[in-house]
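The block underneath contains the structure these notes are about, expressed in structure tokens.
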Amino acid sequence: MKQIFVANPKGGCGKTTLATQLASYFASEGIQVALLDHDRQQSSLDWLKARPDSCAPIVPIAAFRGDNAALEKFDYLIHDMPAGCEVDDIRRHCLGPCKLVIPMLASPTDIKAGVRFLMALNRSDWVAQSQVDIAMVANRVRTNTNYYKVLSAFLEQVNMPLVASIRDTQNYIRAMDNGVSIFDLPRSRVSSDLKQWQPLLQWLQAQTETELETA
Ligand SMILES: Nc1ncnc2c1ncn2[C@@H]1O[C@H](COP(=O)(O)OP(=O)(O)OP(=O)(O)O)[C@@H](O)[C@H]1O
Ligand SMILES: [Mg+2]
């Protein structure tokens with residue numbers, strides 16, 4: 001069982017968008033996926049309620065209510081964490097090696113809040129002692145802006161991989177409303193978006209050191 005946490009204490013940076021897109025990608029690959037919504041706003045669960053029957057199934061889990069039965073039976077657990085979440089909230093729900101994806105917007109306030117979260121991860125004994133692979137995803141990107149350059153330069157400086165840059169497009173807003181993802185839409189309509197997800201999907205599916213050792 002693999003676990004992916006999508007987290008950043010800063011609100012509105014794209015956690016639910018990334019979590020729902022990822023859940024849909026793995027489901028479309030025929031993998032058993034549970035989407036755990038840790039947020040009382042229930043945006044991930046709302047997305048799943050709107051999901052057409054023709055799309056690959058994803059099991060909803062209201063984690064914010066403490067639902068966490070029989071998680072071991074799934075191939076992938078995708079955790080959509082709430083705004084304001086702390087490193088300890090991730091640790092409490094983590095059942096072994098995991099990947100942590102941190103979406104970040106390229107704005108001054110988002111970068112400052114992100115730096116604080118990265119510092120908290122850096123200070124955490126749990127992160128130091130566990131198999132937690134961490135990567136950032138720049139979201140709602142306009143590559144020619146100064147703040148995108150500031151964000152990329154900062155991540156390079158702190159040695160934090162920027163695994164993907166996802167553009168700002170109505171495709172994600174519409175997908176959220178309709179219970180679908182770009183992986184459910186006709187390829188011709190979303191080909192440039194699909195390309196942007198490839199490095200993140202590769203990073204997520206790469207085996208961890210522990211998995212390689214036990215293989
Ligand atoms: N790449 C994108 N392009 C366009 N709109 C986007 C993109 N990513 C996210 N959005 C929109 O931005 C808003 C916030 O995104 P989302 O709900 O995923 O953030 P969040 O981090 O989960 O927020 P919260 O902290 O409230 O849980 C939503 O309306 C979403 O549709
Ligand atoms: Mg959310």
Side-chain angles (χ1 to χ4, degrees), residues 1-8 14-83 85-103 126-127 130-135 137 163-164 166 172 175-176 178-185 194 197-215:
M1 182 193 61
K2 291 183 186 260
Q3 303 174 88
I4 299 169
F5 287 84
V6 185
N8 182 340
K15 297 177 287 292
T16 301
T17 302
L18 261 65
T20 52
Q21 295 285 321
L22 289 173
S24 176
Y25 167 75
F26 288 114
S28 71
E29 293 288 293
I31 289 169
Q32 293 276 311
V33 180
L35 180 57
L36 291 88
D37 197 339
H38 292 267
D39 192 338
R40 283 173 196 287
Q41 291 183 85
Q42 305 186 43
S43 305
S44 276
L45 297 184
D46 283 343
W47 173 80
L48 264 179
K49 276 183 202 145
R51 191 159 174 78
D53 290 340
S54 55
C55 291
I58 298 165
V59 174
I61 296 192
F64 66 90
R65 241 189 253 136
D67 292 357
N68 57 3
L71 295 180
E72 303 77 24
K73 69 178 181 191
F74 295 100
D75 299 319
Y76 267 84
L77 303 180
I78 315 277
H79 296 261
D80 179 13
M81 301 305 287
C85 97
E86 295 180 2
V87 179
D88 243 23
D89 298 317
I90 303 172
R91 182 192 57 73
R92 273 190 295 117
H93 293 102
C94 188
L95 305 171
C98 73
K99 304 242 180 190
L100 169 58
V101 178
I102 306 175
W126 169 67
V127 172
S130 316
Q131 285 284 317
V132 187
D133 289 342
I134 306 173
V137 171
V163 282
I166 307 293
Y172 296 112
M176 185 65 91
N178 297 322
V180 298
S181 75
I182 57 164
F183 304 101
D184 300 308
L185 297 174
L194 289 172
W197 283 78
Q198 286 316 308
L200 173 61
L201 298 174
Q202 274 166 20
W203 181 80
L204 287 170
Q205 290 169 99
Q207 291 195 307
T208 61
E209 278 175 34
T210 316
E211 285 166 339
L212 286 171
E213 278 163 19
T214 53

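These values consider heavy atoms only, across backbone and side chains, with no hydrogens, waters or symmetry-generated copies.
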Are more than 12 heavy atoms, taken from residues, nucleotides or ligands other than Q32, located less than 6.0 Å from that residue's CD atom?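 Counting neighbours around CD of Q32, 12 or fewer heavy atoms of other residues, nucleotides or ligands fall under 6.0 Å, so no.
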
E86 atom CD, neighbour heavy-atom count above 12 within 6.0 Å: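 Count not over threshold, so no.
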
Quick one: do F5 and V132 satisfy side chain to side chain contact (heavy atoms under 4.5 Å, CB included)? Show the steps, please. CA-CA 10 Å; F5 287 84; V132 187; over 6 Å; no

Among residues at least two apart in sequence or on other chains, which ones pass salt bridge (charged side-chain N to carboxylate O under 4.0 Å, His left out) with [X]?
X    : value
D184 : R51
D88  : R91
R40  : none

Determine yes or no for a side-chain-to-main-chain donor-acceptor pair under 3.5 angstrom, with [X] supplying the side chain and [Y] the backbone.
X    : Y    : value
W47  : N178 : no
K15  : P103 : no
S130 : V127 : no
Q21  : I182 : yes
K2   : L204 : no
Q3   : C94  : no
D39  : Q41  : yes

Which residues satisfy the ring-ring contact (aromatic ring centres under 6.0 Å, His included) test with F183, sequence neighbours excluded?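 Counting only residues at least two positions away or on another chain, F183 forms a ring-ring contact (aromatic ring centres under 6.0 Å, His included) with Y25, W197.
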
Please identify each residue that fulfils ring-ring contact (aromatic ring centres under 6.0 Å, His included) with F64, with sequence neighbours left out.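 ring-ring contact (aromatic ring centres under 6.0 Å, His included) check on F64 returns nothing, list empty.
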
Can you give me the closest heavy-atom contact between [X] and [Y], atom names plus distance?
X   : Y    : result
S43 : D37  : N-OD2, 3.4 Å
C85 : A7   : SG-CB, 4.0 Å
S24 : S181 : OG-OG, 2.6 Å
P57 : A27  : O-CB, 3.6 Å
C55 : V180 : SG-CG1, 3.9 Å
L35 : A19  : CD1-O, 4.0 Å

Set out, in order, the CA-CA distance, both residues' side-chain angles and the distance that settles side chain to side chain contact (heavy atoms under 4.5 Å, CB included) for I58 and I78, then state yes or no. CA-CA 10 Å; I58 298 165; I78 315 277; over 6 Å; no

Approximate separation, where rounding is to 0.5 Å, of [X] [atom1] and [Y] [atom2]:
X    : Y    : atom1 : atom2 : result
Y76  : I31  : OH    : CD1   : 5.5 Å
H38  : M81  : NE2   : CE    : 5.0 Å
L71  : H93  : CG    : NE2   : 9.5 Å
M176 : S44  : CE    : OG    : 6.5 Å
Y172 : T20  : OH    : OG1   : 10.0 Å
I4   : D133 : CD1   : CG    : 11.0 Å

Can you name the side chain to side chain donor-acceptor pair (under 3.5 Å) partners of W203, sequence neighbours left out?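 Per chain and number, W203 pairs via side chain to side chain donor-acceptor pair (under 3.5 Å) with no residue.
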
Pair L22, L201 - check side chain to side chain contact (heavy atoms under 4.5 Å, CB included), show working. CA-CA 8 Å; L22 289 173; L201 298 174; 3.8 Å; yes

Just so I know, are the side chains of Q205 and F26 near enough to count as touching, which here means a heavy-atom distance under 4.5 Å?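 Yes; the side chains approach each other to less than 4.5 Å.
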
Can you check whether D75 reaches V33 side chain to side chain, under 4.5 Å on heavy atoms?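 No - every pair of side-chain heavy atoms lies 4.5 Å or more apart.
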
Intermediate values then yes/no, side chain to side chain contact (heavy atoms under 4.5 Å, CB included), I61 and L77: CA-CA 10 Å; I61 296 192; L77 303 180; 5.7 Å; no

